[in-house]
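Order of the sequence lines fixes the chain letters, A, B, ..., with proteins taken first and strands second; residue numbering starts at 1 for each chain.
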There are 2 protein chains.
Amino acid sequence: MTRTSSSTETPTPGVPPARGVPEATVARLPLYLRALTALVERGVATVSSEELATSAGVNSAKLRKDLSYLGSYGTRGVGYEVDFLRHQISREIGLTQDWAVVIVGIGNLGHALANYGGFASRGFRIAALVDADPKRTGEKVAGLEVRHTDELEQLINDLDIHIGVVATPARAAQPVCDRLVAAGVTSILNFAPAIVQVPEGVDLRKVDLSTELQILAYHEQRKNGAALALTAEQAAELAEAVNG
Amino acid sequence: MTRTSSSTETPTPGVPPARGVPEATVARLPLYLRALTALVERGVATVSSEELATSAGVNSAKLRKDLSYLGSYGTRGVGYEVDFLRHQISREIGLTQDWAVVIVGIGNLGHALANYGGFASRGFRIAALVDADPKRTGEKVAGLEVRHTDELEQLINDLDIHIGVVATPARAAQPVCDRLVAAGVTSILNFAPAIVQVPEGVDLRKVDLSTELQILAYHEQRKNGAALALTAEQAAELAEAVNG
DNA sequence: GCAACTTTGTGCACGCCTTCACAAGTGTCC
DNA sequence: GGACACTTGTGAAGGCGTGCACAAAGTTGC
Ligand SMILES: NC(=O)c1ccc[n+]([C@@H]2O[C@H](COP(=O)([O-])OP(=O)(O)OC[C@H]3O[C@@H](n4cnc5c(N)ncnc54)[C@H](O)[C@@H]3O)[C@@H](O)[C@H]2O)c1
Ligand SMILES: NC(=O)c1ccc[n+]([C@@H]2O[C@H](COP(=O)([O-])OP(=O)(O)OC[C@H]3O[C@@H](n4cnc5c(N)ncnc54)[C@H](O)[C@@H]3O)[C@@H](O)[C@H]2O)c1
């Protein structure tokens, strides 16, 4: 993915600093952006790494190191200018342009996503809604008409869509992703609980509800008296271990 | 209620192996579980680490090491017995019991979550739906009646709920989490784009849609000709860099 | 202009996670 | 019964991320 070192290619010009920002840092930039936006709304002009770190829920050293990958945007003895820093992070992430997004699968979740206001306010524009069910086509959702899957490639092309959101049943996820990629989409956010393969150069992220719940359950099981979680079989195993 | 060691220093009996499974491994167990379930449905009886790893989308050495934390459940020269391994992982995660879940905030997303069938099939039972809006109380969603926030504590107590899902607006997330925790919930899954603080001993995970999209946008910006993403300001900076 | 104070940016050490590579088992075939 | 083929389980190495601690750099007050 981070194949910036090609012999003939220039080292990614156009987006000035940007060289090799660690993935862990990239994942936190949206967090900082959100905290900064809240500060702007409260009318705060300057913020120290300590304050910003607290409101973003991270360690202040980590915050400073993260920001240092973008450049030296702070002033020693003072802190960071809120609005300026926000702009820099925004630019780094690529939120100065707006991204056209297609949502595939307009069921329960697809409806919620389409109606969600949090996209537009963050630089993402839902450009198309697509479903395979003819009964859904034509339906208006959040001011957009649901189109049939047959039109997927056409829409991606016409509307210059680079980002796809998949909210179909798990079974359909791989074929849908294949079509998205073939049509030119290079970033996919997948909500379906399926393992999807995509070619090199395509970014795939997944939001997996049941995985999250299962991780919680794992820890939960180890908290409030593990004895409560004893099944008959487990109790037998335990007894055997203790007696043997 | 911080660590598993309450008064007696017993090394957590009841859940046999379980000792210090790395967090990264825990996060992958649900993935393996899903792959195994798919194999069961296809009638496969035995699987090698190589095959299972491929279908789970991970490195086979990593898979074997992950499984080794649970115990030696494989047979050299053969592989893993699908159904047996699935049961072991299931038990490790704590899916042999079913967990009661409360969803707070029955708006767009809350409705989708409530109607989602993927909970029950994975050991989670939606036990209560709660909203602050009196207009929503009484409404039937997925066979459950939406209750008013006033009843939150009562419901958590009566239904022995340990897991809470927060789907309220960001502003309400912290107060709602505070109430959940005060009422005895020790695991929270938060969908609201807010930084929430919880006391030690409470697990908080977040699903953050806009963060995911922003991470995709970051990488997207660096792919297809960064030149396209040039703003006037950036072009000036670039020109300066090249000329100077 | 200087001293005291504040806060950034980063070198460094530590720990976790990933991956390779291989010895140690297990089943099969003759 | 023994050689062979296969697969697990794990030691060791390398890479990445985190957080401490501090020097460098800037501001304020006099
Ligand atoms: N509902 C939730 O809260 C929720 C939560 C987490 C994950 N998910 C996952 O998200 C996905 C969607 O969930 P849902 O509850 O909206 O399901 P749903 O059945 O309500 O909606 C699925 C939609 O996808 C459409 N579809 C099916 N095949 C398609 C194809 N090949 N191309 C285009 N559209 C197609 C269907 O017509 C339907 O409208 C599922 O994989 C589910 O597991 C849902
Ligand atoms: N809709 C989506 O697809 C989506 C996607 C990602 C994140 N989110 C986030 O999830 C949250 C919910 O989104 P939504 O689209 O469902 O919003 P929504 O406005 O449709 O629903 C919010 C619900 O929460 C209820 N509520 C408000 N305050 C409450 C309180 N103190 N206690 C209990 N209930 C309360 C409201 O009455 C309303 O029914 C938001 O924070 C949103 O940013 C939504």
Side-chain angles (χ1 to χ4, degrees), chain A residues 1-5 17-32 35-36 39 44-82 84-86 88-89 92 215 218-219, chain B residues 17-32 35-36 39 44-82 84-86 88-89 92 211 215 218-219:
Chain A
M1 179 168 53
T2 44
R3 208 39 44 98
T4 45
S5 56
R19 289 280 281 281
V21 179
E23 195 55 35
T25 296
V26 172
R28 282 188 294 268
L29 291 181
L31 215 64
Y32 303 151
L36 286 167
L39 289 173
V44 179
T46 309
V47 70
S48 71
S49 64
E50 196 67 56
E51 295 167 307
L52 184 56
T54 301
S55 73
V58 301
N59 180 294
S60 72
K62 181 154 46 179
L63 169 66
R64 287 197 299 276
K65 184 153 291 189
D66 282 344
L67 295 183
S68 78
Y69 290 114
L70 313 191
S72 283
Y73 295 143
T75 306
R76 295 172 190 225
V78 179
Y80 301 88
E81 202 197 321
V82 173
F84 178 70
L85 183 57
R86 190 171 66 118
Q88 293 303 327
I89 294 179
E92 185 73 25
I215 295 172
Y218 173 89
H219 294 298
Chain B
R19 289 282 281 277
V21 179
E23 195 53 36
T25 296
V26 172
R28 281 187 295 267
L29 291 180
L31 215 64
Y32 303 152
L36 287 166
L39 289 172
V44 178
T46 309
V47 69
S48 71
S49 64
E50 195 67 53
E51 294 168 307
L52 185 55
T54 301
S55 73
V58 301
N59 181 294
S60 73
K62 179 153 50 178
L63 169 67
R64 286 197 299 276
K65 182 149 289 186
D66 283 343
L67 295 183
S68 77
Y69 290 114
L70 313 190
S72 283
Y73 295 143
T75 307
R76 295 172 189 226
V78 179
Y80 302 88
E81 203 196 323
V82 174
F84 177 71
L85 183 57
R86 190 171 67 117
Q88 293 303 326
I89 294 179
E92 184 74 25
T211 293
I215 294 171
Y218 172 88
H219 294 298

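When side chains are defined from C-beta on, Arg64(B) counts as touching Ser60(B), because their heavy atoms get closer than 4.5 Å. When side chains are defined from C-beta on, Leu39(A) does not count as touching Glu51(A), because their heavy atoms never get closer than 4.5 Å. A 4.5 Å side-chain heavy-atom check between Leu67(A) and Ile89(A) finds at least one atom pair inside the cut-off. A 4.5 Å side-chain heavy-atom check between Glu23(B) and Ile215(A) finds at least one atom pair inside the cut-off.
None of Leu85(B), Leu29(B), Thr25(B) except one satisfies the side-chain contact (heavy atoms from CB on, under 4.5 Å) rule with Leu70(B); the exception is Leu29(B).
Here dT8(D) presents its C1' atom at 10 Å from CG of Leu67(B), a figure rounded to the nearest Å. When the P atom of dT10(C) is taken as reference, atom CG of Leu63(A) falls 14 Å away, rounded to whole Å. In this structure, the NZ atom of Lys62(B) is 4 Å from the P atom of dT19(C), given to the nearest Å. Taking atom CD on Gln88(B) and atom P on dT8(D), their separation rounds to 16 Å, with Å as the unit. For Glu50(A) and dA21(D), the CD to P distance is 14 Å, given to the nearest whole Å. Following rounding to the nearest Å, Arg28(B) (CZ) and dT18(C) (P) show an atom-to-atom distance of 4 Å. Asn59(B) places its CG atom 9 Å from the C1' atom of dC20(C), with the value rounded to the nearest Å. Across the protein-nucleic acid pair, Tyr80(A) atom OH and dT6(C) atom P stand 18 Å apart, rounded to whole Å.
Atom CG of Leu52(B) and atom CG of Leu31(B) lie 9.5 Å apart (nearest 0.5 Å). To the nearest 0.5 Å, atoms CZ (Arg28(B)) and NZ (Lys65(B)) are separated by 11.0 Å.
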task = Would you please test Leu36(B) and Tyr80(B) for side-chain contact (heavy atoms from CB on, under 4.5 Å) and show each step?
result = CA-CA 10 Å; Leu36(B) 287 166; Tyr80(B) 302 88; over 6 Å; no
Item to complete: Show your reasoning for whether side-chain contact (heavy atoms from CB on, under 4.5 Å) applies to Tyr32(A) and Leu63(A).
Response: CA-CA 9 Å; Tyr32(A) 303 151; Leu63(A) 169 66; 3.5 Å; yes
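Along DNA chain D, the nucleotide closest to Val47(B) and the one closest to Thr25(A) are compared, and the more 5′ of them pairs with Val47(B).
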Which atoms of nucleotides 12-16 of chain C (N or O only) lie under 3.5 Å from a protein N or O atom, and what are those distances?
unit_1	atom_1	unit_2	atom_2	d
dC12(C)	N4	Lys65(A)	NZ	3.2

Expected string for nucleotides 21-29 of chain C under the B/S/- scheme (protein heavy atoms, under 4.0 Å, primed atoms plus P, OP1, OP2 as sugar-phosphate) is B--BBBS--
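Checking the phosphate oxygens (OP1, OP2) of dT7(D), no side-chain nitrogen or oxygen of Ser49(B) falls inside 4.0 Å.
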